[in-house]
Structure formats: structure tokens, C-alpha cells
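The chain is numbered in sequence order, starting from 1. If you're wondering where the values come from, they're calculated on a predicted model, not measured in any experiment.
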Amino acid sequence: MQKDHSTSAPATPTSIRVRHRRRSNEFPVEMSRTNGNHLLANDHNKYRSMWIRAYSSLWMLGGFLLILYLGHLYIWAMVVIIQIFMARELFSLLRKAHEDKRLPGFRILNWHFYFTAMLFVYGHILSHQLVNTVTSDKIFYKLVSRLIKYQMIICYFLYIAGFMWFILTLKKKMYKYQFGQFAWTHMILIVVFTQSAFTVANIFEGIFWFLLPASLIAVNDVAAYFFGFFFGKTPLIKISPKKTWEGFLGASVATTISAFVLANVFGHFLWLTCPRKDLSTGWLHCDPGPLFKPEYYPLPGCISQWFPRKEIEILPVQWHALCLGLFASIIAPFGGFFASGFKRAFKIKDFGDSIPGHGGFTDRMDCQASC
């Protein structure tokens with residue numbers, strides 16, 4: 001009698017099925033394989049998602065306008081808070097609960113590097129405004145002057161302290177994870193602070209230079225969504241399957257036109273064009289710069305006969321705004337492409353779930369970070 005060879009062999013390590021708990025922002029592998037042809041125009045749930053996004057967008061717009069009215073210091077505080085949320089989402093992306101339990105205090109080290117970078121970037125940018133704010137108090141003025149004078153040294157020793165802290169926490173069999181987290185932390189600091197340093201500097205040079213680029217990127221994002229929503233048929237890039245050529249080209253035209261119009265609207269408000277020399281929150285008055293002084297151009301005869309005015313008023317900054325609009329149309333989408341590729345690499349749908357219909361703060365700020 002032959003032996004029955006059909007009996008199951010002992011399970012090998014490769015045959016063991018391990019169940020992993022899926023995070024709320026992850027999507028199944030099957031979905032990632034099939035969504036290459038998943039255009040927004042063919043999405044059956046697109047109207048529901050559109051209303052959720054619209055509702056969240058209205059709340060964000062209302063909050064943004066309120067902060068804009070409060071002034072430069074509050075706008076800077078808003079940028080800082082958004083950065084903290086972005087850093088929290090990115091720090092959590094590569095964390096592993098099992099390894100973190102064996103490394104108590106390791107998360108605090110990430111935030112130590114983060115706030116050291118914040119002190120380095122903003123301490124350098126806002127030093128002039130800070131000194132102008134405390135000139136009335138001699139004791140406080142001397143203290144602030146000393147801090148500004150030695151700010152670079154303070155940041156350097158804070159970083160060295162964090163570096164030594166990291167070395168002292170290294171544990172056997174955890175080296176690869178710890179050094180990966182160390183490198184990931186520094187990458188986050190580059191992504192979060194590189195562009196935001198210019199953003200904060202623009203805020204205090206005049207809210208106009210912060211508001212116009214931010215508005216153009218928002219217009220480009222919304223226009224791309226709606227043009228792709230109604231007309232999108234031709235995929236644009238494989239890494240972001242819902243992006244279409246119709247959405248990209250339609251958004252480019254809409255953004256360029258919006259740049260010319262919005263620059264004229266914003267340029268007439270002194271509150272937006274005046275620079276802030278201190279950290280106070282009072283109302284501003286200043287003489288408009290040459291970019292905000294209107295120039296008049298006569299209309300051609302064939303056009304002027306249809307209009308009561310024979311000339312049009314154009315601010316010189318509107319010509320600069322056309323370049324900003326073109327830049328936002330071409331470059332800003334690549335921030336979204338980068339974020340899409342990043343999420344697909346880590347098999348996640350969104351960076352977070354803080355904003356209904358949009359994902360996390362990083363999902364909402366991906367294009368802003370690239371421009």
C-alpha cells in the first residue's frame with residue numbers, strides 16, 4: 001500500500017497568514033490596482049463627496065477670512081498651527097506601535113527637533129519685528145536683544161542636545177528603526193519649514209504677497225476639481241489617476257484669469273498691501289508702493305464706443321500676478337502629484353482624517369507646500 005502524500009506539510013514561514021489591522025486612512029491593495037482608470041467623471045459617489053468637500057471648504061474659508069481680518073500676527077499663528085498638524089500626521093506615518101513601546105520618550109525627541117527648527121527659522125525671520133515691538137520696555141528689550149544675538153548658538157546647542165539624546169537612546173535590534181525615524185524626522189523638517197519660511201516672510205512684507213499666491217493655488221485646486229468633475233476624460237498622470245488633462249488645462253486658464261482680477265481687487269486695500277514692522281495687531285496706514293499705484297490705458301476705438309469709460313485702470317502688480325498665475329498653474333499640481341505618489345508608496349488613502357472630505361492637513365496643503 002502506498003503512503004498517502006496528500007497530507008499537508010508543516011506550515012512554512014512563508015505560508016503563515018498574518019493579519020494586520022488596517023488604519024482608517026489606508027486603502028486595500030485591490031483598490032490600488034484598479035483605480036488607475038478611476039476617473040472622477042465616472043465615480044458614482046462623486047456628488048456625495050463633492051457636497052462633503054464643499055461644506056468643509058466653506059467652514060475653512062470662513063475661518064480663513066476671519067484670521068485674515070485679524071491681521072499679520074494671527075495669520076502667522078495660523079501657519080504655525082497648520083505646520084504642527086502637518087508634522088503630527090507625517091510623524092505618525094512611519095511609526096510602529098510595537099517598536100514605540102520599547103522606546104519610551106522617542107516621540108518627544110521628534111518634537112524636540114521640530115521646535116528647535118521652528119526657533120531657528122522664525123527667530124531669524126521675525127527678529128526685526130520682535131525688537132520693534134519691545135522697544136518701549138528697556139529690560140524686556142535687553143532680554144530680547146540678547147536672545148536674538150545668541151539665537152543661532154542657542155539653536156545649535158539645542159540640536160546637539162537632541163543629537164546626543166538620540167545616540168543615548170539607541171537600543172540593540174532597534175537600530176534600523178531608530179535611524180529610519182531620525183532620517184524621516186529631518187525630511188519632515190525640510191518639507192514643512194523650507195517653503196513656510198518664505199511664506200511667513202511674505203506675510204510681514206504685506207498680506208497681499210501671502211494672500212494672492214495662496215488664493216491662486218486654491219483657485220487652481222478647485223478649478224481642476226470641477227473641470228475634471230464635469231469634463232474629465234483623459235488621464236493626466238498615472239501616479240494620480242483622478243487627475244485629467246481637461247482639469248489641468250481648464251484650471252490653468254481659470255487661475256491665470258483669476259490672478260489678473262484678484263491682484264486688482266486685493267491691491268486696492270491698504271490693509272493687505274502695507275508691510276508690518278512689528279508684532280502688533282493695530283490697523284495699518286501707509287503710502288501705496290509703485291506696484292499698487294494705478295496706471296490708465298486708453299481703450300481702442302472699436303471697443304470704447306460700447307463702454308462709457310474711454311480708458312481702463314490697471315495696477316502694475318497685475319502684470320506680475322500673471323506670472324504668479326502661470327507659475328501656480330504649472331508648479332502647484334506637482335505638489336499634489338508628489339503627495340499622491342507618496343501615499344501610493346505607503347498604501348494610504350489620506351495623510352489623516354482631520355478635515356471631512358479632504359483628508360488631513362497635509363492633503364490640503366500639499367500644493368501650497370510646493371509653491
Side-chain angles (χ1 to χ4, degrees), residues 57 60-61 64 68 72 75-76 78-79 82-83 86 121 125 190-228 231-232 234 236-237 239-240 242-269 272-273 275 288-293 295 314-342 358 361-371:
S57 299
M60 289 191 292
L61 179 61
F64 179 74
L68 200 66
H72 304 69
I75 297 174
W76 170 64
M78 176 191 68
V79 172
I82 290 174
Q83 287 178 336
M86 288 177 62
V121 172
I125 293 174
I190 293 173
V191 170
V192 171
F193 283 107
T194 300
Q195 185 63 21
S196 63
F198 298 102
T199 301
V200 173
N202 285 344
I203 292 171
F204 288 92
E205 289 298 323
I207 298 177
F208 177 93
W209 300 109
F210 161 79
L211 180 60
L212 181 63
S215 300
L216 294 181
I217 294 172
V219 167
N220 184 265
D221 194 22
V222 172
Y225 178 80
F226 276 99
F227 277 100
F231 309 108
T234 311
L236 174 63
I237 187 170
I239 205 171
S240 188
K242 290 188 178 181
K243 299 293 190 299
T244 62
W245 274 105
E246 291 82 3
F248 178 77
L249 296 176
S252 299
V253 174
T255 304
T256 305
I257 295 173
S258 299
F260 194 77
V261 175
L262 290 176
N264 185 279
V265 175
F266 297 158
H268 284 90
F269 293 93
L272 300 179
T273 59
L291 288 176
F292 301 102
K293 292 181 179 179
E295 297 177 349
I314 296 179
L315 301 179
V317 75
Q318 290 181 256
W319 306 117
H320 294 265
L322 289 177
C323 298
L324 290 176
L326 188 61
F327 185 84
S329 301
I330 298 174
I331 305 301
F334 279 86
F337 300 155
F338 177 83
S340 296
F342 199 88
H358 294 269
F361 280 86
T362 309
D363 296 284
R364 189 69 272 135
M365 294 294 130
D366 52 4
C367 296
Q368 298 281 355
S370 65
C371 290

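Between the CD1 atom of I331 and the CZ atom of F334 there is a distance of 6.5 Å, given to the nearest 0.5 Å. In this structure, the separation between CD1 on I217 and CG on L324 is 9.5 Å, given to the nearest 0.5 Å. Between the CG atom of L315 and the CD atom of E295 there is a distance of 8.5 Å, given to the nearest 0.5 Å. Interatomic distance, K242 NZ to Y225 OH, rounded to the nearest 0.5 Å: 8.0 Å. Note that the CZ atom of F208 and the CG atom of N202 stand 11.0 Å from one another [nearest 0.5 Å]. Between the OG atom in S252 and the CZ atom in F227 there is a gap of 10.0 Å [rounded to 0.5 Å].
Residues V200 and I125 come closest through the heavy atom pair CG1-CG2, 4.2 Å. The two residues S340 and S240 have their closest heavy-atom pair at OG-OG, 3.3 Å. The two residues G341 and I239 make their nearest non-hydrogen contact at CA-CD1, 3.2 Å. Minimum interatomic distance between A259 and A321 (heavy atoms only, all atoms of both residues): CB-O, 3.2 Å. Closest approach of S258 and L216 over heavy atoms only: C-CD2, 4.1 Å. The minimum heavy-atom distance linking F292 with P288 is given by the pair CB-CB, 4.1 Å.
Residues satisfying the side-chain hydrogen bond (donor to acceptor under 3.5 Å, both in side chains) criterion with T273, sequence neighbours excluded, are absent altogether. By the side-chain hydrogen bond (donor to acceptor under 3.5 Å, both in side chains) test, T256 is found to be paired with no residue, residues two or more places apart in sequence or in another chain being considered. Not a single ring pair (Phe, Tyr, Trp, His ring centres under 6.0 Å) links F210 to another residue, sequence neighbours left out. Checked against ring pair (Phe, Tyr, Trp, His ring centres under 6.0 Å), F269 has no partners two or more places apart in sequence or in another chain. Every residue two or more places apart in sequence or in another chain was checked for a side-chain hydrogen bond (donor to acceptor under 3.5 Å, both in side chains) with H320, and none qualifies. For Q318, the side-chain hydrogen bond (donor to acceptor under 3.5 Å, both in side chains) criterion is met by N264, not counting sequence neighbours.
In this structure, F338 places its CZ atom where only 12 or fewer heavy-atom neighbours from other residues, nucleotides or ligands lie under 6.0 Å away.
Between P333 and K243, the closest side-chain pair of non-hydrogen atoms is not below 4.5 Å. Residues L211 and F64 meet the side-chain proximity criterion, which asks for heavy atoms closer than 4.5 Å. Between I207 and F266 there is no side-chain heavy-atom pair separated by less than 4.5 Å.
None of L272, L262, V265 except one satisfies the side-chain contact (heavy atoms from CB on, under 4.5 Å) rule with L212; the exception is L262. With F248 as the partner, the side-chain contact (heavy atoms from CB on, under 4.5 Å) test is satisfied by one option alone out of L236, T234, N220: L236.
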- [ ] Kindly determine whether M78 and I75 satisfy side chain to side chain contact (heavy atoms under 4.5 Å, CB included), including the steps that lead there.
- [x] CA-CA 5 Å; M78 176 191 68; I75 297 174; 4.2 Å; yes
